Amino acid sequence: MAGQAASYFSGFARKVYMVIRRDSLSHTLSDYLIKRINGIKNVEILYNSQVMELEGDRELRRIKITNSRDNTNTWYDTSKLFICIGGNPNTDWAIESKIIRCPSGYLVTGSDLLNHEGFKESWPHERLPYNLETSRPGVFAAGDLRFNSVKRVASAVGEGAIAVTQVHQYLAGL
Ligand SMILES: Cc1cc2nc3c(=O)[nH]c(=O)nc-3n(C[C@H](O)[C@H](O)[C@H](O)COP(=O)(O)OP(=O)(O)OC[C@H]3O[C@@H](n4cnc5c(N)ncnc54)[C@H](O)[C@@H]3O)c2cc1C
C-alpha cells in the first residue's frame, strides 16, 4: 500500500519521502514495486526511520524523523503526511467462540481450514465447510477480515453476496 501510494503521489508532489522502520523494502513490497520506486527521481526512501513529532499551526508544517541507526533527528518541512502502516482485524470476539483464526487474527474459512490443527476433530459434519464458512458451522466470513482475502472493495462486496448464498445452502441442509 505504501509503495503504491508513494508512486502515485510522485506524479504531482515535488518530493515524496517514504519513511520505513526497517532497513529494506523487500520484507513488505514486491520486487517490481521496489524497482519502480527506486526509479522515481522525486521519491526518497528514509530507511530505519520513524515519525517522532509533528509541528504546525492551522495545518501541518513540519515532521521530525528519527533515524534509529545513528539516533539522529531531522525535521522535514511538509504540510502532508499519509500513514500506511497496515491494519489488524478486529476479531478478538471470535476467540471465545473458538472460531479458528490465523496467527495475525484473520478468520480462516473453507479449504484453508483443512491445514489447521484441531479442525478435523472439531468439525461436526460429513461435508467440508463452504468456502466462506468458518470453523464454526453456519458462521461465515466475508471481506478483509477473512484469511487470504484479496483486500479490495469489489471482492469484499462479492464475498458478501456469495456468503448470503452459502447461508441459504447451510439452512437448506439443516
Ligand atoms: C487507505 C486505504 C485505501 C484503499 N484503497 C482501495 C482502493 O483503491 N480500491 C479497493 O478496491 N480497495 C481499497 N482498499 C481496501 C478496501 O477499503 C477494503 O478491501 C474494503 O473496505 C473491505 O471491506 P470490508 O467490508 O471487508 O471491511 P471494512 O470496509 O473495513 O468494513 C468493516 C466495518 O466493520 C466495522 N467493525 C469492525 N469491528 C466491528 C465490530 N466488532 N462490530 C461491528 N462493526 C465492526 C468497522 O468499523 C467497519 O465499518 C483500501 C484500504 C485502505 C485502508
Side-chain angles (χ1 to χ4, degrees), residues 1-22 24-40 42-47 49-54 56 59-60 63 65 76 78-116 119 129-171:
M1 175 70 76
Q4 280 145 339
S7 163
Y8 175 68
F9 293 140
S10 72
F12 43 86
R14 249 196 327 270
K15 178 91 184 181
V16 178
Y17 292 102
M18 195 172 167
V19 183
I20 66 162
R21 285 169 288 184
R22 299 188 197 214
S24 161
L25 287 174
S26 59
H27 304 282
T28 48
L29 285 195
S30 36
D31 198 42
Y32 86 93
L33 202 48
I34 296 174
K35 285 192 182 122
R36 190 199 293 170
I37 289 166
N38 285 335
I40 303 174
N42 60 340
V43 175
E44 186 178 335
I45 304 164
L46 305 175
Y47 295 101
S49 296
Q50 288 191 54
V51 175
M52 298 307 280
E53 275 181 53
L54 308 181
E59 61 179 274
L60 179 64
I63 296 173
I65 309 276
Y76 292 84
T78 180
S79 60
K80 304 284 185 291
L81 170 66
F82 295 88
I83 303 168
C84 302
I85 53 172
N88 291 319
N90 186 17
T91 58
D92 284 354
W93 52 266
I95 297 171
E96 205 178 320
S97 48
K98 296 196 169 47
I99 289 175
I100 291 178
R101 306 185 307 161
C102 76
S104 304
Y106 292 92
L107 305 188
V108 182
T109 56
S111 57
D112 285 327
L113 284 164
L114 305 180
N115 306 321
H116 270 264
F119 168 71
Y130 297 111
N131 67 337
L132 296 177
E133 195 172 22
T134 66
S135 58
R136 180 110 185 229
V139 176
F140 294 79
D144 278 16
L145 91 173
R146 198 176 65 75
F147 173 71
N148 256 344
S149 66
V150 181
K151 312 282 185 292
R152 288 288 179 274
V153 171
S155 53
V157 172
E159 285 185 7
I162 295 167
V164 172
T165 309
Q166 295 186 0
V167 167
H168 286 297
Q169 286 172 325
Y170 168 79
L171 292 173

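When a ligand or atom number is given, it counts from 1 through the structure's own listing order. These numbers come from a predicted model, not from an experiment. Hydrogens, waters and symmetry mates play no part in the numbers below; they use all other heavy atoms, side chains included.
Between Met18 and Leu29, the closest side-chain pair of non-hydrogen atoms falls below 4.5 Å. When side chains are defined from C-beta on, Arg136 counts as touching Ser97, because their heavy atoms get closer than 4.5 Å. Leu107 places a side-chain heavy atom less than 4.5 Å from the side chain of Arg101.
Between Tyr170 and Tyr130, the distance separating the two ring centers is not shorter than 6.0 angstrom.
Summarising the local packing, NZ of Lys15 is surrounded by more than 12 heavy atoms from other residues, nucleotides or ligands at distances under 6.0 Å.
In this structure a side-chain-to-backbone donor-acceptor pair under 3.5 Å is missing from Ser10 to Val43.
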For ligand 1, what N or O to protein N or O distances fall under 3.5 Å?
from     : atom 1 : to     : atom 2 : distance (Å)
ligand 1 : 11 (O) : Val153 : N      : 2.9
ligand 1 : 19 (O) : Asp144 : OD1    : 2.7
ligand 1 : 19 (O) : Asp144 : OD2    : 3.3
ligand 1 : 19 (O) : Arg152 : N      : 3.1
ligand 1 : 26 (O) : Asp144 : N      : 2.8
ligand 1 : 38 (N) : Asn90  : ND2    : 3.0

